[in-house]
Structures are given as C-alpha cells and as structure tokens.
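Just the heavy atoms: all of them, side chains too, but no hydrogens, waters or symmetry mates, feed the values below. Numbers restart at 1 for each chain; the letters A, B, ... are given by sequence-line order, proteins then strands.
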Amino acid sequence: MEYFLELLLGGLTRGSIYALIALGYTMVYGIIGLINFAHGEIYMIGAFTALIIASVLTILGFNHLSILVLASLVAVIYSAAYGFTVEKVAYKPLRSAPRLSPLISAIGMSIFLQNYVLLAQTSDFMPFPNLIPDFDFMEPYAHVIGSSELVILLTTAAVMMLLTVLIKFTKIGKAMRATAQDKSMAMLVGVNIDRVISVTFIIGSSLAAIGGILVASHIGQINFYIGFLAGIKAFTAAVLGGIGSIPGAVLGGIVLGCTESFATGYVSSDYEDVFAFTLLVLILIFRPAGILGRSTTEKV
Amino acid sequence: MKSFVKLIVILSIMVIGVFSSRLGSASDTTIKLGVAGAHSGDLASYGIPTVRAAKFVVKDINEKGGILGKKVELLIEDDVCKPEMATNTATKLISEGVHLVVGHICSGATKAAMGIYNNSNIIAMSPSATNPDLTHSGDYPNFYRTIASDDAQARLEVDFALDILKLKKIAVIHDKQDYGKGLAEFAKNFLEKSGRAEVVLYEGITAGAVDYSAIVQKIKRSKADGIIYGGYHPEASKIVMQMRKKRMKTIFISDDGVKDDTFLKVAGKYAEGVYATGPKDVSTNTIAVAATEAHRKEYGKEPGAFYLNAYAATQALLNAIQKSGSINYADLSKALKTEYVETPLGSISFDDKGDAIGVGFSMYQVQNGVYVEVK
C-alpha cells in the first residue's frame with residue numbers, strides 16, 4: 001500500500017510538471033488554434049534566467065528567500081516578454097495565413113530559441129541551485145515525498161484555480177472566451193483581440209517560467225534542450241486532456257504522469273513511454289477531442 | 001582465349017612476386033613491423049596517431065642501434081577500417097614479409113585480418129580494438145591489445161561490488177542507449193555467472209525524463225543494497241539526487257560516462273560516496289609525457305585517439321623480440337605473457353587471452369567533491 005502511495009505521489013508530481021507546461025499550450029490553442037511549439041523553449045528560458053539571477057544574487061550575498069522571490073519574479077517577467085515578442089514576431093504576421101504557416105513558424109522559433117541559448121550560454125548541463133529549501137516539517141515524510149515535490153503539487157493546484165477564476169470571472173477572461181469562440185465576431189463587438197492574444201501569451205509564458213523554475217530546482221540541472229523534451233510530454237498531456245481546455249490540461253498531465261509512474265512501478269520502466277502513448281491512442285479513439293475536450297463542428 | 005592467357009600470365013607473375021618476397025624476408029636483415037589501420041576515410045583520425053606513435057618508437061630504437069643488431073622497418077598499410085579491405089591489407093603485409101603487426105584499429109577489420117595472420121603465425125597487437133570477443137572467444141590466439149575491452153568496466157564494477165563492497169542484492173539500471181545498455185548487459189551477465197549476488201532489478205529508464213521517482217521507489221522496494229548504472233551523467237545525477245532526497249543510502253556504482261566533472265557540479269553534495277570507473281590516470285607517467293611532447297614538437301598539435309596505446313603496443317612488441325631474442329611465434333608469445341615492459345600506460349604484460357594486464361580502468365569514488373582513485 002505504501003508502495004502504491006509512493007508511486008501515486010511520484011505520478012502526481014510528474015503529472016503536475018507536465019500540467020504546468022501544458023496549460024500554456026492549451027491556452028494558446030484555445031484562443032487562436034495554434035500549437036505553439038516554442039512554448040517548451042520559453043520554459044527553458046525561464047529556468048535559465050532564474051539560474052543567472054540566482055547566481056548573481058548569491059554572489060551579492062542575498063538570503064535564500066529573497067533569492068527565490070527575486071529570481072522567480074525576474075524569470076517570469078523575462079519569459080513573459082519572450083512570449084509576447086515571439087507572438088508579435090512569428091505568429092501575428094501570419095494570423096490570416098493558412099493554419100500550416102504559423103505551425104512551421106512555431107517550429108522555426110523553437111529551433112531558433114534552442115540554438116540561441118546553446119550559443120549564448122552553453123551546451124553543457126548546468127547545476128541549478130536548490131531554490132526550494134528542504135522544509136523541517138517534511139522530514140518525517142521525506143522518504144515518501146520531498147519538499148520540492150510538495151511545492152510543485154501545490155503550485156499547480158493554485159495556478160489552475162487562479163486561471164479558472166481569471167477566465168470565468170474577469171473582464172479579460174470574458175474577452176478571452178469571446179475570442180476563442182469567434183475572432184471576427186469578438187472584434188465586431190469591440191474586443192481588442194490583439195491585446196487578448198498578447199495577454200494569453202504573457203500568461204502562458206509566465207506559467208512556463210514558473211514550471212521551469214520548479215522543475216529545475218527539483219532535478220537540479222538544466223541545459224538548452226530541456227524545453228524540447230518537457231514540451232513533447234506536456235503537449236501530449238494537453239491533447240490527452242482535451243486541447244483548449246484548462247482543467248483538461250491539468251487532468252491530462254496527471255493522467256499521463258500517473259500512467260508512467262505506475263507502468264514503471266508495476267511493469268517495467270522499459271515500457272514507460274509505450275504505456276503512456278498507448279493510453280493516448282485509446283483515449284483518442286473513444287474521445288477524439290480528449291478527456292475534457294468539447295468536440296466542435298468545423299465551420300465551413 | 002587471349003584474355004585467358006593474359007590471366008595466366010598475370011597470375012603467375014603474382015605468384016612469383018609472392019614467393020620472391022617470401023624468400024627475401026627469410027634472408028633480410030631488418031625486422032619488419034607492420035602498421036595496419038584506417039589511414040584514410042572517415043575513421044582516419046583513429047588510425048593516423050598509431051602510425052605516428054610507431055614511427056617515434058621505431059626511430060628511437062633504430063637510433064640506439066636497433067634490436068638484436070637489426071634495424072626495424074615499418075610497413076604501413078591502410079585498411080580504411082573495413083573488414084573486406086583488412087583481409088587484403090593482411091595478405092599484402094604477409095607477402096611483404098612482415099614479422100609483427102601493430103593493428104588493426106577497428107574491431108571488425110581486426111577480426112577479419114586475424115585469421116590470415118594466424119595462418120602465417122604472425123602476432124598482431126591492436127591499440128584500439130575493444131570488442132570483447134577478440135580476446136575472450138579464444139578464436140584469435142595471436143591477438144593482443146593495449147586497450148581494455150568493452151566489458152572491462154562492467155567486469156571492474158562487478159568485481160568491486162562483490163569482492164570489496166560485498167553486495168548481495170544488486171539492481172542493474174541503464175539508459176536504453178548503446179553505451180549504457182551494453183555495459184549493463186555485461187554487468188548483469190557477470191553477476192549471474194558469479195552466483196554470489198542476486199540481480200534484483202534489471203531495467204532501462206528513459207533518458208531526459210523530468211523525474212525518476214518511480215524507478216527510485218522501485219529500487220527501494222527491491223531492497224537492493226547497490227546499484228550498477230550504465231549510462232551518462234545527466235540521468236545518473238537525477239537518480240542519485242532523488243535517492244538521497246528520499247533518504248536512501250543505496251550504493252551507486254557507475255561508469256566513465258558518470259566519471260565526469262559535470263556530474264560533480266550538478267549533483268553537488270548528493271554525489272558524495274558515488275563510485276565510478278574511469279580510465280587509469282597516466283598524466284604523471286614520464287614516458288607518456290615524453291611521447292606526447294615528441295608529437296607536439298613534430299606535428300604542432302596534441303596526439304589524437306589511441307596514440308599512447310599504440311606507443312605502448314609498439315614498445316611491447318619490440319620488447320618481446322629483444323627479450324626472447326627471436327622472431328619465432330612461440331618465443332614471442334611467451335615473452336609477451338611473461339615479460340613486463342615500461343610503456344606510457346605503465347608497466348604492462350599480457351594475460352593468456354591477450355588482454356593487457358595493468359591497462360584500463362580504475363575505480364574512483366567521490367570524496368569531498370572530487371573523484372579519488374580507490375586502491
């Protein structure tokens with residue numbers, strides 16, 4: 001039983017990591033129907049920014065808490081700026097182009113950002129400081145769940161709730177929903193859709209940065225390629241949960257994480273990915289729009 | 001008909017050619033040392049340092065008056081690392097009356113050539129062919145090498161785990177990639193053959209994953225007292241960190257993919273106590289320093305791959321002639337297996353199978369943030 005619990009907690013942590021990144025994919029898809037492949041790179045840039053800021057602050061002699069807060073803040077702002085710029089440079093000019101064009105543009109952006117960090121920083125793995133401290137009250141449970149895992153779980157839950165509130169009850173949320181339903185109609189009734197799309201990218205990129213910081217301090221290392229690998233799994237999670245749906249991204253992430261964890265625990269880690277993707281295929285056969293996705297009829 | 005006659009003429013010329021060189025070799029006054037390997041093509045960078053090493057050693061020896069009063073002559077032949085070329089190379093060297101061969105470079109080409117050398121009772125010593133079969137299968141009695149075989153690391157890891165750490169339950173984990181999985185398979189086989197420890201878990205993990213807590217829990221559940229990991233440092237550091245954070249004290253043993261400074265930097269305090277095998281340190285060996293310096297002076301750059309191994313191989317072969325006083329196959333084999341020779345790799349000799357004793361890997365442990373050789 002304890003083994004089951006340990007695997008479940010491991011799966012939830014892993015799933016939450018996927019979910020944090022998947023939220024950005026799903027929001028952008030929900031609003032403009034674009035799969036933003038550069039999202040994983042924003043996650044990576046967030047982690048790198050936090051690493052640089054944290055290293056500088058450590059040299060300047062700041063204490064642990066202020067390093068955590070300042071590094072996260074700067075990383076979030078910086079990544080948000082990247083997300084905003086990527087949208088303006090790579091997607092906005094192609095908004096009325098066929099759907100394939102922004103997709104190719106997204107892949108190009110992803111490759112560009114990866115190589116930019118590779119050249120500007122390093123191709124080596126960099127050690128990432130343990131920004132999340134080991135809490136004393138967690139010590140008795142350390143063999144089951146670590147402090148950083150707990151923080152990841154709680155952050156994901158909090159972020160999902162905040163996002164839901166944002167979209168359901170605020171003005172910008174209403175504008176987002178309107179844009180998602182029908183772009184030209186929303187424009188006609190006075191919604192500034194450029195602004196809505198920019199805000200979506202800014203929120204999505206901030207979430208990716210938070211994910212990047214949490215994951216990097218959990219596993220203690222980063223390089224320029226982490227965004228790609230995490231992005232692929234997060235994208236899978238978003239599709240599994242129903243792309244475009246915010247609770248769907250979180251559910252998809254957790255289902256994927258737990259499947260992998262149990263597959264490793266009870267069968268063999270050799271087949272971890274096999275189980276994860278078999279599940280994806282099965283769900284898409286029976287629910288083509290994903291677990292929580294709404295199937296919309298394509299307007300012709 | 002005309003072409004048939006032509007063919008006969010050509011063949012007979014070739015036969016005469018072969019015979020005459022054979023006859024010539026019997027009465028000549030030099031010791032002919034063949035150097036075979038890739039000297040052109042994609043893998044030339046593996047073969048050329050060997051030629052240079054052989055030239056340096058031979059030049060030294062000839063300046064001192066040669067061996068047994070005879071000068072050493074180099075016969076250099078290219079096999080492009082291709083097995084089908086290697087047979088031609090070997091035949092050509094034999095036809096030129098070679099006495100000993102340094103080479104070949106690639107394992108596949110070496111295997112192809114060894115049979116031909118064996119038929120002519122010629123010893124070959126490779127500085128770089130690491131395929132385990134070359135020595136362990138017993139099919140190549142005339143083969144020697146100055147590099148550790150592919151399974152040497154696994155052998156050392158297993159011996160260390162069984163003899164020194166006295167582990168009883170071992171989990172063997174790998175990263176599903178060529179290097180890591182190959183090593184893990186050797187380790188698993190050695191453990192099973194020894195019968196002294198149980199392999200409680202044998203699994204591959206996905207490289208690059210964000211989290212390894214599931215496999216860590218599985219290791220914990222298997223009650224393994226040690227882990228042998230085949231793979232590289234990014235995954236190793238994640239696994240070690242997650243284990244230590246989960247307060248597991250399981251011993252972690254890995255390979256030279258993990259004996260890397262990045263592992264120490266990334267895993268930090270969690271790296272303490274981790275064991276990893278790595279090549280023996282030869283940076284303080286005076287012959288190695290001199291050999292490298294000679295190369296720098298002559299070619300203006302660092303020697304490439306297998307340079308020191310080739311240097312050692314050439315020295316070992318020539319030393320065997322010197323010590324046994326003959327170029328007879330049986331005498332040379334005996335001398336290689338009994339006489340030690342000072343080389344850039346240390347003082348080496350050869351075991352019954354042809355692997356060099358004193359060459360290869362050492363066990364290192366992380367102590368206070370650095371890898372320290374475990375004696």
Partner set under side-chain contact (heavy atoms from CB on, under 4.5 Å) for A/I254, not counting sequence neighbours: A/L12, A/V250, A/C258
Under 4.5 Å, counting heavy-atom pairs only, tell me which of B/G268, B/A267, B/P234 racks up the most with chain A. B/P234
Relative to chain B, which segment of A/L229 carries a heavy atom at a distance below 4.5 Å: side chain, backbone, both, or neither? side chain
Can you tell me how far apart CD1 (B/I215) and CG (A/L7) are? Round to the nearest 0.5 Å. 10.0 Å
Find the N and O donor-acceptor pairs between chain A and chain B that sit under 3.5 Å apart.
from	atom 1	to	atom 2	distance (Å)
A/E6	OE2	B/K220	NZ	3.1
A/R14	NH2	B/D211	O	2.4
A/E139	OE1	B/R247	NH2	2.7
A/E139	OE2	B/R247	NE	2.9
A/E139	OE2	B/R247	NH2	3.2
A/H143	O	B/K220	NZ	3.2
A/E149	OE1	B/K246	NZ	3.3
A/E149	OE2	B/K246	NZ	3.1
A/H218	O	B/K245	NZ	3.2
A/H218	NE2	B/D211	OD1	3.3
A/H218	NE2	B/Q242	NE2	3.3
A/Q221	NE2	B/P234	O	2.7
A/Q221	NE2	B/S237	OG	3.1
A/T264	O	B/K218	NZ	2.8
A/V267	O	B/K218	NZ	3.0
A/S269	N	B/E203	OE1	2.5
A/S269	OG	B/E203	OE1	2.8
A/S269	OG	B/G204	O	2.4
A/D270	N	B/G204	O	3.3
A/D270	O	B/K176	NZ	3.0
A/D270	OD1	B/G204	N	2.8
A/E272	OE2	B/T206	OG1	3.3

For A/A54, the side-chain contact (heavy atoms from CB on, under 4.5 Å) test, sequence neighbours excluded, returns A/I67, A/A71, A/P129, A/L131
Indicate the atoms forming the closest heavy-atom contact of A/A230 with B/V210, along with that distance. CB-CG1, 4.3 Å
Return the set of residues passing side-chain contact (heavy atoms from CB on, under 4.5 Å) with B/A154 (not counting sequence neighbours), or none when no residue passes. B/L183, B/F186, B/A187, B/F190
